[in-house]
2 protein chains.
Amino acid sequence: MTGAILIGQLAKASSCKVQTIRYYEKIGLLPKPLRSSGNQRVYLSDHLDRLIFIRHCRALGFSLDQIRKLLHLAGDSDKSCGEVDQIAKVHLVEVEEKIKHLEGLRQELRRIIDGCKVDKVDQCQILKALGDHGQCIAKEHGGSDI
Amino acid sequence: MTGAILIGQLAKASSCKVQTIRYYEKIGLLPKPLRSSGNQRVYLSDHLDRLIFIRHCRALGFSLDQIRKLLHLAGDSDKSCGEVDQIAKVHLVEVEEKIKHLEGLRQELRRIIDGCKVDKVDQCQILKALGDHGQCIAKEHGGSDI
DNA sequence: CTACAACCTCTAGTAACTATAGCTGCAAGG
DNA sequence: CCTTGCAGCTATAGTTACTAGAGGTTGTAG
């Protein structure tokens, strides 16, 4: 029975919280493990590998849905990996877009903060700037992808 | 009665959805407006100003909680605007940290994508890289602030 | 035998909306 | 006067990816 571990050990080995592991099982991302006589989850190394894969993908910002697809594709060993490539590239584009968006916000925030030289709220340029969208470059009112 | 408008007009004037306006009212970010004889919300220009302020802050990535504080501070007209400044600067730091984080992901994703030159899933370097956290620079397993 | 940690299930909470169901109000056309 | 249809109303549930808690059971060490 080499490598049979309980959920606490799996959590440590994968740097993933116990709750999260149970959550992944519930949504079908991790297969249901065996149970001990006392109804405790018993994991083997397959589970650990899969969980490490998932956590690494999460650390890279993939959504659980994207990860589900990647795991599915990884199971089909003679398929072309074009789809894998595609998912990764789409995600890269998303990341790049987020960076661009945030750089815009950074620039605008700096402009607003630097513009305030007074000390009273009723003359505060930050509040004025926040109330006035006119000079702002952050056009996307309504798009909350920060 | 100049400027008395219904929720649909307010939505258009602020580029904010009707549902969102009602939501802001429910959580106390927008004050409850008057009602018409037929129980419809009736707004004046104060509401529009406040809503535009909120939407602009949201576009800049402030949380509703931060916005609540900003609105509160803006009401106290003889207070020092140091706190306003503080909120804005904290947010700027948050944005800068997110940018750094995402730049790390971008670099790592590019490395992984560029490493894959084969065409079959069972040799796919992307999947291998995703399963192996060893060479990865994105250390923060568990921190999902993307 | 008794602590105590680690496990179990189930439910609710987070942020900031968005969407749906099922209703009423209101103005215009026939 | 009646209908059509849009705009408004409330209330509830869904989204993402967890996290926290209640309240109970199992396993182990002293």
Side-chain angles (χ1 to χ4, degrees), chain A residues 4-30 32-43 47 51 53-71 91 94 98 140-146, chain B residues 4-30 32-43 47 51 54-71 91 94 98 101 140-146:
Chain A
I5 53 175
L6 296 180
I7 200 169
Q9 273 100 60
L10 184 64
K12 241 171 229 163
S14 60
S15 309
C16 179
K17 296 194 177 167
V18 166
Q19 324 273 69
T20 307
I21 295 172
R22 289 198 278 246
Y23 170 71
Y24 287 162
E25 179 185 327
K26 201 172 107 187
I27 63 168
L29 210 57
L30 269 182
K32 286 184 196 297
L34 298 169
R35 296 290 182 132
S36 72
S37 58
N39 199 34
Q40 296 185 223
R41 290 170 176 84
V42 177
Y43 296 96
H47 285 101
L51 187 50
F53 180 90
I54 293 170
R55 293 311 290 173
H56 191 190
C57 289
R58 286 295 297 132
L60 288 170
F62 287 94
S63 72
L64 292 184
D65 216 57
Q66 289 172 318
I67 296 171
R68 200 187 297 276
K69 283 184 189 119
L70 288 172
L71 284 166
H91 180 51
E94 288 165 3
K98 269 181 195 162
E140 310 104 67
H141 268 189
S144 77
D145 95 67
I146 180 164
Chain B
I5 53 175
L6 296 181
I7 201 168
Q9 273 99 62
L10 183 65
K12 241 172 229 163
S14 60
S15 309
C16 179
K17 295 193 180 171
V18 167
Q19 325 274 69
T20 306
I21 295 172
R22 289 198 278 246
Y23 169 71
Y24 287 161
E25 179 185 327
K26 201 171 107 186
I27 63 169
L29 211 57
L30 270 182
K32 285 183 196 298
L34 298 170
R35 295 289 183 130
S36 72
S37 57
N39 199 34
Q40 298 185 222
R41 290 169 177 83
V42 177
Y43 296 96
H47 285 100
L51 187 52
I54 293 169
R55 294 312 288 174
H56 191 191
C57 289
R58 286 295 297 134
L60 288 170
F62 287 95
S63 72
L64 293 184
D65 217 57
Q66 289 171 319
I67 295 171
R68 199 186 299 274
K69 282 183 190 119
L70 288 172
L71 284 166
H91 180 52
E94 287 165 5
K98 269 180 195 163
H101 180 64
E140 311 103 65
H141 267 190
S144 78
D145 95 68
I146 180 164

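So that the names make sense, note that chain A is the first sequence line, chain B the second, and so on, each numbered from 1. All values below were derived from every heavy atom in this structure, side-chain atoms included, with hydrogens, water molecules and symmetry-related copies excluded.
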Write down the distance between [atom1] ([X]) and [atom2] ([N]), rounded to a whole number of angstrom.
X: A:R68; N: D:dA17; atom1: CZ; atom2: C1'; result: 12 Å
X: A:R58; N: D:dA17; atom1: CZ; atom2: P; result: 5 Å
X: B:L10; N: D:dC9; atom1: CG; atom2: C1'; result: 16 Å
X: A:K98; N: D:dT16; atom1: NZ; atom2: P; result: 13 Å
X: B:I54; N: C:dA15; atom1: CD1; atom2: C1'; result: 16 Å
X: B:K17; N: D:dC9; atom1: NZ; atom2: C1'; result: 19 Å
X: B:D65; N: C:dT14; atom1: CG; atom2: P; result: 12 Å
X: A:I5; N: C:dA6; atom1: CD1; atom2: P; result: 15 Å

Starting from the 5' end of DNA chain C, give me the residue, A:Y43 or B:Q40, whose nearest nucleotide shows up first.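 The residue closer to the strand's 5' end, by nearest nucleotide, is A:Y43.
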Does some side-chain heavy atom of [Y] sit less than 4.5 Å from a side-chain heavy atom of [X]?
X: B:K98; Y: A:K98; result: no
X: A:Q19; Y: A:R22; result: yes
X: B:L6; Y: B:V42; result: yes

What verdict does the side-chain contact (heavy atoms from CB on, under 4.5 Å) test give for B:L64 and B:Y24, after you've listed the backbone C-alpha separation in whole Å, the side-chain angles of each residue and the deciding distance to 0.1 Å? CA-CA 9 Å; B:L64 293 184; B:Y24 287 161; 3.9 Å; yes
Would you indicate which nucleotide in D:dA17, C:dA16, C:dC8 comes nearest to any side-chain atom of A:I7?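 The answer is C:dC8, which lies nearest to the side chain.
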Between D:dG27, D:dC18, C:dA16, spot the one nearest the side chain of B:S63, thanks.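 In terms of side-chain proximity for B:S63, the closest of D:dG27, D:dC18, C:dA16 is C:dA16.
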Determine: side-chain N/O of [X] to OP1/OP2 of [N], distance under 4.0 Å, yes or no.
X: B:R55; N: C:dC17; result: yes
X: A:Y24; N: D:dC18; result: yes
X: B:Y23; N: C:dA15; result: no

Using modelled atom types and a 3.5 Å cut-off, is there a donor and acceptor pairing between side-chain atoms of A:H91 and backbone atoms of A:L60?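 Yes.
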Over all strands shown, is A:L6 touching base, sugar-phosphate only, or nothing at heavy-atom distances under 4.0 angstrom?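 Result for A:L6 = sugar-phosphate.
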Just jot down the ring pair (Phe, Tyr, Trp, His ring centres under 6.0 Å) partners of B:Y43, sequence neighbours excluded, or say none.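 Result, ring pair (Phe, Tyr, Trp, His ring centres under 6.0 Å) vs B:Y43: B:H47.
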Hey, what are the protein-to-nucleotides 10-14 of chain D N/O distances that come in under 3.5 Å?
| unit_1 | atom_1 | unit_2 | atom_2 | d |
| --- | --- | --- | --- | --- |
| D:dT10 | OP1 | B:R35 | NH2 | 3.1 |
| D:dT10 | OP2 | B:R41 | NH1 | 3.0 |
| D:dT10 | OP2 | B:R41 | NH2 | 2.8 |

Between A:G38 and A:T20, just flag the one whose closest nucleotide in DNA chain D comes earlier from the 5' side.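 Looking at DNA chain D, the more 5' nearest nucleotide goes with A:T20.
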Pairwise distance CD(B:Q40) to CZ(B:R35) - rounded to 0.5 angstrom: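 It comes to 9.0 Å.
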